[in-house]
Amino acid sequence: MTTINLPLDGTIVPYTLTGTPIALAKRDAKAFPRIAFAAAHVVADPLADNDPWLTPAIDWERTLAFRHRLWDLGLGVAEAMDTAQRGMGLGWPDARDLIRRALSEAAGRKDALIACGAGTDHLTPGPDVTIDTILRAYEEQIETVEAAGGRIILMASRALAAAAKGPDDYVSVYDRILRQVREPVIIHWLGEMFDPALEGYWGNGDHIQAMSTCLEVIEAHADKVDGIKISLLSKEKEVAMRRRLPNGVRMYTGDDFNYAELIAGDEEGHSDALLGIFDAIAPAASAALEALGRKSNHEFFDLLEPTVPLSRHIFKAPTRFYKTGVVFLAYLNGLQDHFVMVGGQQSTRSLTHLAELFRLADKARVLADPELAASRMRQVLAVHGVN
């Protein structure tokens with residue numbers, strides 16, 4: 001067994017790894033009883049001569065290879081979402097490039113499920129940004145995705161949150177956009193815990209009242225809405241909304257705290273998935289969904305429930321910094337050779353946070369090679385002065 005010294009409560013304490021890694025196996029999404037997207041991260045290029053806070057540098061080879069890994073596991077790719085650091089280091093020009101490259105890769109496979117984020121993040125919210133400006137921004141990004149042959153995930157808009165005077169402005173914007181899209185979209189309601197600039201989305205700070213406005217939009221355009229992903233970290237709110245959706249409109253859980261039970265569902269329905277945590281725990285998610293497809297609910301929960309404490313830790317407040325944990329796991333698992341992020345975001349979590357992530361990942365059995373993970377953890381510890 002491998003033992004490593006890790007910080008805990010201000011001291012350094014030995015930790016012995018005990019987790020048996022979940023086997024990596026290729027799977028077909030057709031074996032899954034749920035649609036499951038993993039919102040995928042981007043791999044930074046640590047050798048680029050750039051200013052990380054100002055200019056992103058992306059390792060395209062590793063970034064695209066990671067998407068193929070998700071497809072090999074039977075998972076879909078939710079491209080250029082907040083997990084890819086949209087609005088936190090990745091601007092629209094690079095997101096546009098990412099979308100085009102990923103769609104090109106997907107086109108070369110028969111089994112690649114992919115949908116791409118389209119929003120308004122190339123706008124800087126301010127008094128000069130009007131509803132018409134926001135509409136044009138949405139249209140520009142939607143046109144880019146559709147021209148490349150992609151499906152749309154309609155992302156929440158910081159600019160709209162700043163400019164809207166009330167629910168009617170949201171209804172007006174979504175009405176016009178949904179009338180134009182070629183194929184049914186996934187609407188993404190991202191809560192303020194993920195992005196404080198989105199507080200009061202749908203024109204109300206009360207999520208239940210905001211939900212009514214969102215449902216009004218969906219009901220008016222049910223033929224143009226494949227589903228809605230809500231990221232409010234409340235299973236009660238998700239289930240309440242799920243039960244009010246029109247027939248044929250899916251609920252994609254974005255609840256990184258309660259996804260296991262929401263995906264399993266109840267006698268009145270279930271949620272499909274569009275989750276950032278599936279980037280980090282892809283082998284476990286894939287194996288669990290395959291088990292659910294065999295109606296082995298016990299195995300489903302045995303595989304997925306141990307990942308929930310890890311996910312809750314990665315997504316703990318400030319939740320917007322969860323991307324750091326996702327990328328750290330990719331580094332520990334040998335999916336990239338460094339712990340460097342676009343925008344220098346690797347600095348958003350403490351060494352103590354990363355040490356607890358390491359322990360929880362071991363317990364969740366998502367460290368693919370414990371010896372490699374321990375070796376890489378020691379390198380990070382050494383940089384922080386722990387030997």
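Residues forming a ring-ring contact (aromatic ring centres under 6.0 Å, His included) with Tyr174 (at least two apart in sequence, or on another chain): Trp202. Applying the salt bridge (charged side-chain N to carboxylate O under 4.0 Å, His left out) test to Glu305 and every residue at least two apart in sequence or in another chain returns nothing. Under the rule for a side-chain contact (heavy atoms from CB on, under 4.5 Å), Ala220 has no partner lying at least two apart in sequence or in another chain. Under the rule for a side-chain hydrogen bond (donor to acceptor under 3.5 Å, both in side chains), Tyr331 has no partner lying at least two apart in sequence or in another chain. Under the side-chain contact (heavy atoms from CB on, under 4.5 Å) criterion, Ile208 pairs with Asp206, Met211, Lys237, sequence neighbours left out. With sequence neighbours left out, Asn333 forms a side-chain contact (heavy atoms from CB on, under 4.5 Å) with Leu329, Leu335, Leu367, Ala368. With sequence neighbours left out, the side-chain contact (heavy atoms from CB on, under 4.5 Å) criterion links His338 to Val43, Ala44, Pro46, Gln336, Val340. Taking Arg101 as the reference, Asp97 meet the salt bridge (charged side-chain N to carboxylate O under 4.0 Å, His left out) condition, with sequence neighbours excluded. Residues that satisfy the salt bridge (charged side-chain N to carboxylate O under 4.0 Å, His left out) test with Glu61, not counting sequence neighbours, are absent from this structure.
Residue pairs satisfying the salt bridge (charged side-chain N to carboxylate O under 4.0 Å, His left out) criterion with at least one member in residues 278-295, sequence neighbours excluded, are listed as follows: Glu290-Arg294, Arg294-Glu299. Listed by first and then second residue, the salt bridge (charged side-chain N to carboxylate O under 4.0 Å, His left out) pairs involving residues 110-130 are Arg86-Asp121, Arg109-Asp111 (not counting sequence neighbours). Residue pairs meeting the salt bridge (charged side-chain N to carboxylate O under 4.0 Å, His left out) criterion with at least one partner in residues 9-27, sequence neighbours excluded, are absent.
No more than 12 heavy atoms of other residues, nucleotides or ligands shown are found within 6.0 angstrom of CD on Glu143.
Two rings, from Phe278 and Phe37, have their centers 6.0 Å or more apart.
A 4.5 Å side-chain heavy-atom check between Pro318 and Arg349 finds at least one atom pair inside the cut-off.
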